[in-house]
Amino acid sequence: MMKSLSFAFALLLASSSAFAPTHNIVRPSSLYMSESAEPITEAAAPLATEETLIEATIATPAVEAALPLPAMSQALPFMTRPVALDGSLAGDVGFDPFGFAKSESDLMNYREAEVKHARLAMLAAAGWPLSELFDKKIAAALDMNPLLDGGDRVPSLLNGGLGKISPAYWVGCVGAAAMIDIFGTLRMKNEKEGYLPGDFGLRLGYPSDEASQQRMQLAEIKNGRLAMIAIFAFAIQEFVTKQGVIDETPLFFFPIMETLHNYANQGYIQ
């Protein structure tokens, strides 16, 4: 009886050892052959530890970010890329043919001015045709004289008529612009590290992730640049044609059937 119990206990130990983790590494015979000729030391073949793998993973994006910038400008391929334009700002295509931005501080100041003019131009690009659409209607409702001239053109330097506008309006505009400029200057001085030109701290509808923020910054600067070109085109167009923007391009501002009817009465559509 005792012999059978001892045999069963030994058999149980042998079977359980098959599932236990082994601590001895069985090396192939080729390794023994090489050990006799050249013993391998730990210094000659260091193992990759977890820390080295983590460091290598962290260093990979840095290597990708350090790729050299193109030597030529993207906007003007026949000119070299300005040194200060390193592609870090949204909408940076290497356009500085006169070399105004000679340092990073110059670049930040010019971008600050560009963003302010872009935002003002976007407001003006919308306000210019809207004023031509509703100025006479609002003036008639308030029993006031309209500001548009005989050709339904808004007052401007080229069109004239700026004397019709109250001086209080100009004082209010200059005061509001000065307050915004002072606020932006103080914010730029207080937040030198990581300050984004044109950032007044407004976060209504602003995304939280970095990719969406960069997309919105790019959209703002592109639309602002287009708006600055549009305002210049509005002024030149009205000065040359002596007509308002809405009368020159009615398809954008009036119902399509009304526009086609007017074209038919004027002989444009037979």
Side-chain angles (χ1 to χ4, degrees), residues 58 61-62 64-67 69-70 73-76 81-131 154-157 162 165-235:
I58 296 175
E64 294 178 356
L67 294 176
L69 294 171
S73 169
Q74 181 180 352
L76 303 173
R81 178 185 57 81
V83 178
L85 302 181
D86 56 358
S88 58
L89 295 177
D92 181 5
V93 290
F95 183 82
D96 187 13
F98 298 105
F100 289 128
K102 296 180 174 58
S103 62
E104 184 179 357
S105 60
D106 291 341
L107 179 62
M108 293 296 108
N109 291 331
Y110 283 120
R111 173 48 65 93
E112 184 85 16
E114 182 185 26
V115 171
K116 290 179 180 178
H117 284 81
R119 292 170 178 171
L120 183 61
M122 285 188 283
L123 292 174
W128 190 302
L130 289 177
S131 64
V154 299
S156 66
L157 291 175
L162 293 176
I165 301 175
S166 171
Y169 172 80
W170 296 117
V171 172
C173 289
V174 173
M179 290 178 59
I180 295 174
D181 189 71
I182 292 174
F183 178 77
T185 303
L186 293 177
R187 185 177 176 85
M188 180 173 58
K189 290 182 178 180
N190 294 333
E191 300 181 11
K192 292 183 179 180
E193 296 295 333
Y195 173 75
L196 186 67
D199 183 10
F200 291 157
L202 301 177
R203 292 295 181 269
L204 181 62
Y206 196 64
S208 57
D209 57 297
E210 185 177 356
S212 299
Q213 290 177 3
Q214 292 178 355
R215 185 172 63 253
M216 288 195 68
Q217 294 168 15
L218 181 60
E220 180 187 33
I221 198 64
K222 283 187 173 181
N223 284 277
R225 290 169 179 173
L226 181 61
M228 288 188 279
I229 297 174
I231 286 297
F232 179 76
F234 286 173

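Below, all heavy atoms of this structure are taken into account, side chains as well, without hydrogens, waters or symmetry copies. The shown structure was predicted, so the numbers you read here are calculated from the model rather than taken from an experiment.
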Worksheet item: So with a 6.0 Å cut-off around OH of Y206, is the heavy-atom count from everything else above 12?
Response: yes
Practice prompt. Answer yes or no: is there a side-chain heavy-atom contact under 4.5 Å between S212 and R215?
Written response: yes
Fill in: Minimum side-chain heavy-atom gap K222-L226 below 4.5 Å
no
Review item, side-chain donor-acceptor pairs of residues 118-127, under 3.5 Å, at least two apart:
{"residue": "R119", "atom": "NE", "partner": "E220", "partner atom": "OE2", "Å": "2.6"}
{"residue": "R119", "atom": "NH1", "partner": "G198", "partner atom": "O", "Å": "2.8"}
{"residue": "R119", "atom": "NH2", "partner": "G198", "partner atom": "O", "Å": "2.9"}
{"residue": "R119", "atom": "NH2", "partner": "E220", "partner atom": "OE2", "Å": "3.2"}

Fill in: Listed partners of F200 passing ring pair (Phe, Tyr, Trp, His ring centres under 6.0 Å), at least two apart
F183
Discussion item. Any carboxylate oxygen within less than 4.0 angstrom of a Lys/Arg side-chain nitrogen, looking at D92 and R111?
Written reply: no
Practice prompt. State, to 0.1 Å, how close S73 and V93 come at their nearest heavy-atom pair, and which atoms those are.
Written response: OG-O, 3.5 Å
Fill in: L186, CG atom: more than 12 neighbouring heavy atoms under 6.0 Å
yes
Worksheet item: Of the non-hydrogen atoms in A84 and L107, which two are nearest, and what is the gap between them?
Response: O-CD2, 3.3 Å
Worksheet item: What pairs with D96 under salt bridge (Lys or Arg N to Asp or Glu O under 4.0 Å), at least two apart in sequence or on another chain?
Response: none
Response to the item:
In short, A113 meets H117 closest at the heavy-atom pair O-ND1, 2.7 Å
Discussion item. Can you tell me how far apart CZ (R81) and CD (Q74) are? Round to the nearest 0.5 Å.
Written reply: 11.5 Å
Worksheet entry | Candidate pair I180 and K116, rule side chain to side chain contact (heavy atoms under 4.5 Å, CB included), full reasoning | CA-CA 10 Å; I180 295 174; K116 290 179 180 178; 5.5 Å; no
Worksheet item: Can you tell if the side chain of S156 reaches within under 4.5 Å of the side chain of W128, non-hydrogen atoms only?
Response: yes
Worksheet item: Do D181 side-chain atoms and A177 backbone N/O form a donor-acceptor pair below 3.5 Å?
Response: no
Worksheet item: Say you draw a straight line from CG of L89 to CG of L218; how long is it, rounded to the nearest 0.5 Å?
Response: 11.5 Å
Worksheet entry | Closest non-hydrogen atom pair between A101 and Y110, with its separation | N-CE1, 4.1 Å
Worksheet item: Which atom names give the shortest non-hydrogen contact between M216 and P207, and what distance separates them?
Response: SD-CD, 3.0 Å
Discussion item. Does Q213 have more than 12 heavy atoms from other residues, nucleotides or ligands lying within 6.0 Å of its CD?
Written reply: yes
